[in-house]
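In what follows, a single structure is set out as structure tokens and then discussed.
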Amino acid sequence: MKLLFSSASPYSAKVRMAAEVAGLSIQSVPIATADEPAELIDNNPLGKIPTLITDGGITVYDSRAIMGYLDRTGAQRIYPRNAEKRTEVDVLEALCDGICDALLLCVYEKRFRPEDKYHQPWVDTQWRKAMRGLDALETRIPRMGKTPTAAHIAIAAVTGYLALRFDGQWERGRPKLKAYGKKFAANYPALAPLMPSA
Ligand SMILES: N[C@@H](CCC(=O)N[C@@H](CS)C(=O)NCC(=O)O)C(=O)O
């Protein structure tokens with residue numbers, strides 16, 4: 001299987017960690033989405049990463065569809081079977097992805113808009129969403145067991161992305177999330193190299 005990805009992308013980090021946990025080997029191919037390379041566009045009309053191309057030639061996107069695919073096809077499940085626990089994991093993953101969506105909009109406003117068109121109130125709104133999301137997450141971090149679930153992995157992806165792009169701007173009042181990356185890496189050392197990186 002081939003995964004079109006970027007090392008900084010939190011959604012890419014999430015699915016790469018999940019593939020490792022599921023025991024599935026994937027070939028990771030770095031992609032610069034802004035260049036709209038044919039390999040990406042031909043497989044995902046939305047031009048987004050992560051995009052997975054299975055050995056059978058099926059293309060799977062977005063990250064949550066990929067997580068479901070990995071869960072169904074891997075040797076190790078990443079979502080609980082119990083309905084109540086599954087809902088909790090689904091919502092935590094949605095919360096982490098939503099925080100990433102808001103953070104990404106902040107980054108893109110700077111990266112892609114001409115300086116005179118940069119709209120601070122829009123960035124402030126996205127930042128508030130992300131910070132409210134982190135406050136909610138701080139109160140419901142699941143205990144780390146022997147094998148991480150999609151929720152543990154999604155939290156590692158978002159905190160890793162924050163450490164990469166917003167170091168020093170979000171940690172105050174959120175001691176558990178601040179400590180999460182180190183604890184996750186210590187508990188699951190095989191996943192540490194797959195966290196978002198420059
Ligand atoms: N909901 C999507 C979000 C994916 C996403 O926004 N990825 C970013 C990189 S972190 C991207 O591809 N950006 C390029 C673009 O939006 O054109 C998912 O979960 O996979």
Side-chain angles (χ1 to χ4, degrees), residues 1-22 24 26-54 58-74 78-79 89-114 117-119 122-123 125-127 129-130 133-134 137 148-167 169-170 181 191 193-198:
M1 286 195 289
K2 212 186 212 186
L3 183 79
L4 310 183
F5 90 113
S6 143
S7 63
S9 158
Y11 317 96
S12 299
K14 184 180 67 172
V15 302
R16 292 177 82 209
M17 290 190 269
E20 175 72 27
V21 173
L24 292 164
I26 50 172
Q27 181 203 350
S28 295
V29 179
I31 289 284
T33 52
D35 298 342
E36 299 183 296
E39 189 172 23
L40 177 61
I41 303 304
D42 292 350
N43 283 296
N44 179 350
L46 304 174
K48 292 190 182 225
I49 48 157
T51 293
L52 181 77
I53 304 152
T54 71
I58 299 167
T59 303
V60 189
Y61 53 86
D62 60 7
S63 69
R64 264 185 268 171
I66 297 173
M67 295 290 277
Y69 179 83
L70 299 173
D71 184 60
R72 289 189 298 278
T73 55
I78 47 179
Y79 293 94
V89 168
D90 281 346
V91 173
L92 282 174
E93 184 181 1
L95 180 58
C96 291
D97 286 357
I99 294 168
C100 290
D101 293 345
L103 294 172
L104 222 64
L105 288 172
C106 296
V107 169
Y108 285 174
E109 186 73 12
K110 243 204 185 95
R111 188 178 296 168
F112 294 118
R113 268 198 201 282
K117 301 232 163 50
Y118 181 85
H119 193 53
W122 166 250
V123 173
T125 303
Q126 298 310 318
W127 186 251
K129 280 180 199 278
L134 290 177
L137 199 53
T149 67
H152 296 107
I153 294 169
I155 299 171
V158 67
T159 53
Y161 186 68
L162 281 160
L164 181 67
R165 295 277 187 248
F166 298 95
D167 192 31
Q169 299 173 52
W170 63 276
L191 304 184
L194 304 174
M195 301 262 280
S197 62

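Just follow the structure's listing: the first ligand is 1, and inside any ligand the first atom is 1.
- Residues Ile26 and Val15 are not in side-chain contact: their nearest non-hydrogen atoms beyond the backbone lie 4.5 Å or more apart.
- A 4.5 Å side-chain heavy-atom check between Lys14 and Glu93 finds at least one atom pair inside the cut-off.
- Within the 3.5 Å criterion, the main-chain N or O of Ala157 finds no donor-acceptor partner in the side chain of Tyr11.
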Check ligand 1 against the protein and report each N/O to N/O distance under 3.5 Å, formatted as atom name, atom name, distance.
from     : atom 1 : to     : atom 2 : distance (Å)
ligand 1 : 1 (N)  : Asp62  : OD2    : 3.2
ligand 1 : 7 (N)  : Ile49  : O      : 2.8
ligand 1 : 12 (O) : Ile49  : N      : 2.9
ligand 1 : 13 (N) : Tyr108 : OH     : 2.8
ligand 1 : 19 (O) : Ser63  : N      : 3.4
ligand 1 : 19 (O) : Ser63  : OG     : 2.6
ligand 1 : 20 (O) : Ser63  : N      : 2.8

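- Partner Asn44 forms a side chain to side chain donor-acceptor pair (under 3.5 Å) with one of Thr59, Thr51, Asp62 and no other, that one being Thr51.
- Taking Ser12 as the reference, Phe5, Ser9, Ile49, Pro50 meet the side-chain contact (heavy atoms from CB on, under 4.5 Å) condition, with sequence neighbours excluded.
- Within 6.0 Å of atom CD in Gln169, more than 12 heavy atoms from other residues, nucleotides or ligands are found, so the atom counts as buried in its surroundings.
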